[in-house]
Amino acid sequence: MNWINQIGIWNPQFLRECRGHLKPRTVIATLSISAIFQILLCFLLFQRNTAAPPFHNPWLDIGRFFTWAIPYFLFVIGGYYIVSDLTQEEKKGTLNFIRLSPRPAREILLGKLLGVPIVPYLVVLSVVPLHVYALAQISSPVSFLLSYYSLLIISTFLCLSLALLAGITGKLQPQKTSIAIAFSGLSLVLFAPFFMFWNANISWYTIAENSRLFDANNPLVSTQWLYVNLAYNSFLAYGFTLVNLIIAIGLVWCMLKRLFHQPKTTLISKRLSYLLTAYINILVWGFLQHQDAAQGWDAFLGFVVLYGVNFGLILLLLLALMPQRQQLFDWLTYPKTNLTTRLWADKSPAFTAIGVNILIAGLLIVPSWLLGAESLLSPHLLAVPLSIILSWLIYAALTQIIFTTQVRNPALWSTGTILLLIIVPLSILSIFQKGDSLNPLWLLYRTFFGHPPLYGGSKPVFLWAVGLGIGLQGIVLAALLVLLRHRLQRLRSLIQAVGD
């Protein structure tokens, strides 16, 4: 019993979860079902081997099955366990009681992550001996085993950390059970497939090449990052994957510790948002730097990729950084509200922070566009990134205005409004635009809604229409900023009225 006490001293939350989930009947049933499944799997595969071509090794099928099945099982089932547990804790009211614990948030969340999915962990541990034995029978190198299980452990830690984040941020949704199902579905169609696709073709390509565990056709064989081919250097590929996983875990846990004790705060701090934008842009930009790139066209494609990535990132940051109305009240009570507080204070309006994130992204987007535009004989088309950036700033100002109102769900209203501003203009453009795409009216329309044409040269009509569209964007942005300032002044007057 001494070792149980030691676990309780190390992490009481982990011990609580183990006692709740590791009932003797559950353990016996889990191990029994796992053993029966392994026996049946071996029996079926060895039976099938009698009808297989000569020299076919059934251990290859067993090793391949568990190599693919274990990540899917851990990500999908483990994620469901964690989100469902947090949902039940919130429903019973025990999650708020746990928050009052003097233990640090890191320790409580780690106990949840290690203890809640203890049954799926037990299932995986029970099949590891057969998996290792099967890989040994097909002469799979030890380096593959070490790489596989180390990346599996760290990737599972990241995936289940995301499950914790989903459970904490989604606790206010009316259909709470659907959050667990949605996360499991996301793990099934995105997280687990990406883990296997990337590692099979990059991290394990050279060390598992002769074991026939994966398809010989490698679509990522020429993948480079900063001109370094990752697939042909297993050490670099492993290190690259490991470093990025650790960075991602660090970012997620910063958000987790922040939200655990302050569930009504913004999802991400402004400081962290700047680091996140820089990290994602550098990571994506590194993949665009490869030895076979032709400067003009590949730079243009790089602009398109960076634009797409940052478009999605900015839309997410719009919701993640926006303070609620009550937080704005708290910020307006500060004696001094200057540029420094707008840049760093999490309760201040997020428009300035979104602008900084756009500036960070623009440091790579604009040069990529200028290099790519050279091949299109349009090196002067600064109008394109300028129109895009202005449209993002308009979205940010509009979202912040919505968050200053008394609507019940400002995040939902903001999302709907932005999607409406994106989808409707594109739909009208695709339906009604006919003939010459450089028609002045269509050029003005496209530029005003943030969808400027990526070509057009130096034709006067092009420059006139696009310039007018950008001017109108500037007027709309200025009007929204004036309205936002008016809304903040109104909130300040309400605070002063209450104080008097």
Inset, instruction - For the pair L313 and L276, evaluate side-chain contact (heavy atoms from CB on, under 4.5 Å) and give the outcome as yes or no after the intermediate values. - result: CA-CA 9 Å; L313 178 62; L276 177 64; 4.3 Å; yes

Legend entry - Short side-chain to backbone donor-acceptor contact, Q400 and A350, under 3.5 Å: yes

Legend entry - Closest non-hydrogen atom pair between Y274 and L343, with its separation: OH-O, 2.7 Å

Inset, instruction - Please identify each residue that fulfils side chain to side chain donor-acceptor pair (under 3.5 Å) with N244, with sequence neighbours left out. - result: Y279

Inset, instruction - Please state whether the rings of F194 and W198 are parallel, tilted or perpendicular, taking 30° and 60° as the class boundaries. - result: parallel

Inset, instruction - Check salt bridge (Lys or Arg N to Asp or Glu O under 4.0 Å) between R487 and all other residues, then give those that pass, not counting sequence neighbours. - result: none

Legend entry - Plane angle bin for W225 and F240 - parallel if under 30°, tilted between 30 and 60°, otherwise perpendicular: tilted

Legend entry - Residue list, ring-ring contact (aromatic ring centres under 6.0 Å, His included) with F191, at least two apart or on another chain: F183

Inset, instruction - Hey, could you give me the CD1/CG distance between I268 and L275, rounded to the nearest 0.5 Å? - result: 8.5 Å

Legend entry - N/O donor-acceptor pair under 3.5 Å between Q88 side chain and D85 backbone: no

Legend entry - Results of salt bridge (Lys or Arg N to Asp or Glu O under 4.0 Å) for K270 - residues two or more places apart only: none

Inset, instruction - Would you indicate whether the side-chain heavy atoms of I422 and L315 approach each other to under 4.5 Å? - result: yes

Inset, instruction - Indicate the atoms forming the closest heavy-atom contact of I179 with A166, along with that distance. - result: CG2-O, 4.1 Å

Inset, instruction - Could you tell me the separation between the OG atom of S391 and the CG atom of L386, rounded to the nearest 0.5 Å? - result: 10.0 Å

Legend entry - side chain to side chain donor-acceptor pair (under 3.5 Å) partners for N310, two or more places apart: N281

Legend entry - Short side-chain to backbone donor-acceptor contact, S150 and S147, under 3.5 Å: yes

Legend entry - ring-ring contact (aromatic ring centres under 6.0 Å, His included) involving Y148 - partner list, sequence neighbours excluded: H131, F144, W204

Legend entry - Approximate separation, where rounding is to 0.5 Å, of I389 CD1 and I358 CD1: 7.0 Å

Legend entry - Close side-chain approach of F351 and L393, heavy atoms under 4.5 Å: yes

Legend entry - Nearest non-hydrogen partners of I470 and S387, listed with the distance: CG1-CB, 4.2 Å

Legend entry - Minimum side-chain heavy-atom gap L165-L259 below 4.5 Å: yes

Inset, instruction - Report yes if some heavy atom in the side chain of C159 is under 4.5 Å from a heavy atom in the side chain of F195; otherwise report no. - result: no

Inset, instruction - Take F403 and T399 through the test side-chain contact (heavy atoms from CB on, under 4.5 Å) and record every step on the way to the result. - result: CA-CA 6 Å; F403 270 77; T399 302; 3.8 Å; yes

Inset, instruction - Report yes if the side chains of V228 and N233 come closer than 4.5 Å at any heavy-atom pair, otherwise no. - result: no

Legend entry - Shortest non-hydrogen contact between L74 and L160, atoms and distance: O-CD2, 4.1 Å

Inset, instruction - Just jot down the ring-ring contact (aromatic ring centres under 6.0 Å, His included) partners of W413, sequence neighbours excluded, or say none. - result: none

Legend entry - Flag side-chain contact, heavy atom, 4.5 Å: R258 against S269: yes

Inset, instruction - Check S203 against T241 and note the closest heavy-atom contact, atom names and distance. - result: OG-OG1, 3.0 Å

Legend entry - Residues forming a ring-ring contact (aromatic ring centres under 6.0 Å, His included) with F157, sequence neighbours excluded: W253

Legend entry - From L272 atom CG to M255 atom CE, the distance as rounded to the nearest 0.5 Å: 6.0 Å

Legend entry - All salt bridge (Lys or Arg N to Asp or Glu O under 4.0 Å) counterparts of E17, not counting sequence neighbours: K112

Inset, instruction - Please confirm whether the backbone N or O of M322 pairs with a side-chain atom of T266, one donor and one acceptor, at under 3.5 Å? - result: no

Pairs under 3.5 angstrom only: tabulate donor-acceptor contacts from the side chains of residues 476-484 to other protein residues two or more places apart or in another chain.
none

Inset, instruction - Search all heavy atoms of A396 against all heavy atoms of I354 and return the closest pair with its distance. - result: CB-CG2, 3.6 Å

Inset, instruction - Check whether any side-chain heavy atom of V284 lies under 4.5 Å from a side-chain heavy atom of F287, and answer yes or no. - result: no

Legend entry - Euclidean distance, K347 NZ relative to T265 OG1, rounded to 0.5 Å: 7.5 Å

Inset, instruction - Evaluate the side-chain contact (heavy atoms from CB on, under 4.5 Å) criterion for residues L398 and L421: first the C-alpha distance (whole Å), next the side-chain angles of each, then the deciding distance (0.1 Å), finally the verdict. - result: CA-CA 11 Å; L398 189 58; L421 290 175; 3.6 Å; yes

Legend entry - Result of checking L146, L151, L230 against Y238 for side-chain contact (heavy atoms from CB on, under 4.5 Å): L151

Inset, instruction - May I have the step-by-step check of side-chain contact (heavy atoms from CB on, under 4.5 Å) for W285 and L226, ending in yes or no? - result: CA-CA 8 Å; W285 178 78; L226 292 181; 3.7 Å; yes

Legend entry - Pairwise distance CD1(I247) to CG(L242) - rounded to 0.5 angstrom: 10.0 Å

Inset, instruction - Apply side chain to side chain donor-acceptor pair (under 3.5 Å) to S187 and list each qualifying residue two or more places apart in sequence or on a separate chain. - result: none

Legend entry - By side chain to side chain donor-acceptor pair (under 3.5 Å) - contacts of T277 (at least two apart): N357

Legend entry - 4.5 Å side-chain heavy-atom contact, L162 and L186: no

